[in-house]
Student: 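Quick one: structure below, then a few questions.
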Amino acid sequence: MRNEDVAAVFYEIADILELQGIAFKPQAYRRAASAIEQLDVEIASAVASGTHREIPGVGEAIAKKIEELVRTGSLDYLERLRAETPPGLLEIMSVPDIGPKTAMILVHDLGVSSLGELKEAALAGKVKKLKGFGERTEERILSGIKTLESKGRRAFLGEALPVARAYVEYLMGRIRLDLIDVCGSLRRGKETIGDMDILVGWDNAPAVTDAFTQYERVDEVIVSGATKTSVRLAGGFQADLRIVERSSYGAALQYFTGSKEHNVLIRKMGIEKGLKVNEYGVFERDSNRKLAGDTEDGVYEALGLPWIPPELREDAGEIDAALRGALPTLLEPSDVKGDLHVHSEWSDGADSIDDIVSAAAAKGHKFVAITDHTQSLSIANGLSPEKVLAQIEAVRKAEERSEGGVRAFAGSEVDILADGSLDLPPSVLRELDVVIASVHSRLKMEPKEMTARLVAAIESGEIDIVGHPTGRIIGRRDPASIDLEKVFESARENGVMMEINAFPDRLDLRDAHCRMAKDNGVMMTIGTDAHSLRHLDYLEFGIITARRGWLEKSDVLNTLDPAKVEKKLRGRRA
DNA sequence: GCCGTTTTCGGCCCGACTGTTTTCAGTCG
């Protein structure tokens with residue numbers, strides 16, 4: 001069982017307990033689930049060493065359940081909970097505005113047992129006749145079901161960020177705003193986004209609300225009050241606007257950035273210090289005197305903490321680290337000097353090497369690596385050994401022709417074949433400046449086999465980087481079953497690096513795995529996996545992922561000057 | 001179910017908005 005699988009079990013338990021009207025336990029299970037998700041070791045090895053009991057939020061009862069999950073792959077307790085849950089309840093609770101109480105009434109008093117039946121009942125006007133229900137509630141339920149049907153998956157960070165930035169730009173064009181930020185999971189850089197939160201500090205709330213709801217991409221205004229408005233954008237994406245007085249802006253920014261779990265800890269710290277923390281500021285409980293609120297820095301300072309970067313605010317040990325003065329100095333976008341994974345028209349990319357080098361120069365890169373696919377990936381027009389050698393010459397010439405002073409590395413994204421061997425002979429690999437090795441086939445191997453396959457590639461001594469190490473595609477393909485700690489150990493011993501693939505639907509390694517790699521002493525690289533020039537912009541998402549993985553400048557190869565990058569890469573042949 | 005410079009028992013973050021209400025519960029973030 002992977003950490004995500006164990007977390008999913010506890011999230012489901014929390015949902016069912018909540019449905020049963022049980023208080024506090026759901027939070028306890030959610031806290032444990034979230035901690036396990038963020039864990040920087042494999043849960044199985046934590047159990048093996050007995051350290052799973054030390055995970056925050058994991059006590060005696062949950063520890064036992066983790067052991068059972070790791071040992072048997074399933075959990076009796078969850079099976080029992082499922083069995084006693086009326087069918088359709090969880091599904092019905094997933095409708096916006098239907099929580100545990102409402103869902104229970106619908107199932108019991110109306111006798112519906114699926115979303116479809118609920119919709120039918122609402123359309124037939126049966127819902128509004130229930131005690132405590134009315135016309136508006138029935139409409140809301142129908143609209144909620146419609147939302148659910150049209151919404152589909154969460155958006156990738158790479159999709160949502162440009163939409164949010166366009167919205168902010170529009171608002172700033174309508175009204176002169178100096179205090180406006182995107183907050184929520186977007187500001188924290190989560191890999192997928194449920195909805196976007198925009199915060200505005202201004203004294204004329206109605207004008208901002210009007211501008212917000214009049215945006216051309218707004219399909220529907222869901223709620224609109226004095227300080228809070230929610231709309232649905234074309235395509236089903238929800239956007240929330242909060243307006244606060246300027247003097248509360250920092251507190252609101254902190255509050256609406258979240259995560260919820262991080263904020264709960266912040267407020268508990270406040271309580272211990274006799275303070276009340278809300279979106280308006282930090283107040284003394286007794287006198288209600290305001291201690292902070294206009295800046296986010298000030299809020300943390302009032303609690304005796306340094307400012308914590310949004311990407312770390314996940315209740316993953318950041319508050320502890322802050323108290324100890326041990327927060328990492330995170331990688332900054334300006335630290336990153338180039339892109340280490342780009343495809344050209346030689347394989348399945350859209351652009352010429354010349355155009356890629358020029359585009360990299362225009363973006364201010366100091367280097368770019370051309371890394372096309374190899375022969376066995378015929379679907380992507382993979383290159384034969386002869387073509388690889390020819391391409392090396394082509395890259396050298398493109399670099400000479402270029403005017404931006406960009407160093408162009410001749411590389412390859414060589415396939416790791418099923419037996420762990422590489423898709424190009426050593427004689428060719430040794431001519432290359434950079435060798436990324438990736439798995440593109442037979443992704444569903446058994447964990448032992450897949451781990452051995454990656455370790456064999458790492459131990460070959462012919463590669464620099466493992467590309468998109470888990471092979472996951474967010475929302476579509478699960479990560480391969482791999483013992484990542486074994487892979488990282490082998491990588492450290494052999495001086496091989498792990499890629500953060502910045503493509504929006506990959507982000508692989510993901511945040512928690514970056515942290516795991518770092519803890520295992522492995523160096524990381526960032527590559528866009530660009531297949532066209534506009535994909536070169538994806539570098540940002542790799543940087544955000546690195547930050548969420550607690551990575552510092554010194555953990556990432558891309559922060560070095562070209563000469564030093566080259567020296568490090570040449571190291572594999574020494 | 002977890003947790004402890006106030007606690008090993010008794011707490012557990014905080015406020016906006018809505019709808020169906022005569023004063024508040026449910027939901028959300």
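The figures here come from the full heavy-atom set of this structure, side chains too, leaving out hydrogens, waters and symmetry mates. Note on naming: letters A, B, ... go to the chains in the order of the sequence lines (proteins, then strands), and numbering restarts at 1 for each one. These numbers were taken from a predicted model, which means no experiment stands behind them.
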Student: Please determine whether any donor N or O and acceptor N or O are separated by less than 3.5 Å between the side chain of Tyr255(A) and the base of dG15(B).
Tutor: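 Side chain to base: no pair below 3.5 Å.
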Student: What is the distance, to the nearest angstrom, from the CD atom on Gln27(A) to the C1' atom on dG10(B)?
Tutor: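 Computing the Gln27(A):CD to dG10(B):C1' distance gives 15 Å.
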Student: In this structure, how many angstroms lie between the C1' atom of dT21(B) and the CZ atom of Arg136(A), rounded?
Tutor: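 Interatomic distance, CZ of Arg136(A) to C1' of dT21(B): 14 Å.
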Student: In whole Å, measure the gap between the P atoms of dT20(B) and dT27(B) for me.
Tutor: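 One P to the other, the span is 14 Å.
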Student: Taking any heavy-atom pair under 4.0 Å as a contact, classify Ala23(A): base, sugar-phosphate, or nothing.
Tutor: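 Touches nothing.
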Student: My understanding is that a pair needs two contacts under 3.5 Å, Watson-Crick or G-U wobble. By that rule, which nucleotide pairs with dC3(B)?
Tutor: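 In the structure as shown, dC3(B) has dG10(B) as its Watson-Crick or wobble partner.
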Student: Would you mind telling me which of dT27(B), dT20(B), dG1(B) lies closest to the side-chain atoms of Thr102(A)?
Tutor: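 Nearest to the side-chain atoms of Thr102(A), counting from C-beta on, is dT27(B).
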Student: Measuring only the C1' atom in each nucleotide, how far is dT8(B) from dC3(B)? A whole number of Å is fine.
Tutor: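 It comes out at 9 Å once rounded to the nearest Å.
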Student: When we call it a touch if two heavy atoms are under 4.0 Å apart, what does Glu60(A) touch: a base, just sugar-phosphate, or nothing?
Tutor: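 Here Glu60(A) touches the backbone only, sparing every base.
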Student: Under 4.0 angstrom, heavy atoms only, what part of the nucleic acid is Val244(A) near: base, sugar-phosphate, or nothing?
Tutor: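 The residue Val244(A) makes no contact with any strand.
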Student: Within the structure shown, what part of the strands sits under 4.0 Å from Lys25(A) by heavy-atom distance: base, sugar-phosphate, or nothing?
Tutor: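 Since a base atom lies under 4.0 Å of Lys25(A), the category is base.
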Student: Can you check the Tyr280(A) OH to dG29(B) C1' distance for me, whole Å?
Tutor: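 Those two atoms, OH and C1', are 13 Å apart.
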Student: For a quick check of understanding: with a heavy-atom distance under 4.0 Å over all strands, which category does Ile98(A) fall into, base, sugar-phosphate or nothing?
Tutor: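 Touches sugar-phosphate only.
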Student: Quick one: which of dG19(B), dC3(B), dG1(B) gets closest to the side chain of Arg53(A)?
Tutor: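 From the listed options, dC3(B) comes nearest.
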Student: From the list dT18(B), dC14(B), dC3(B), which nucleotide is the closest neighbour of the side chain of Ile271(A)?
Tutor: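 Nearest listed nucleotide: dC14(B).
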Student: So what does Pro100(A) touch, heavy atoms closer than 4.0 Å: a base, only the sugar-phosphate, or nothing?
Tutor: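 The answer is sugar-phosphate, as Pro100(A) gets under 4.0 Å only of primed atoms, P, OP1 or OP2.
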Student: NA contact type, Thr227(A), heavy-atom cut-off 4.0 Å: base, sugar-phosphate, or nothing?
Tutor: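 Sugar-phosphate: the residue Thr227(A), judged by heavy atoms under 4.0 Å, touches backbone atoms but no base.
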Student: So Arg31(A), base contact, sugar-phosphate only, or nothing? Heavy-atom distance under 4.0 Å.
Tutor: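 It contacts nothing in the nucleic acid.
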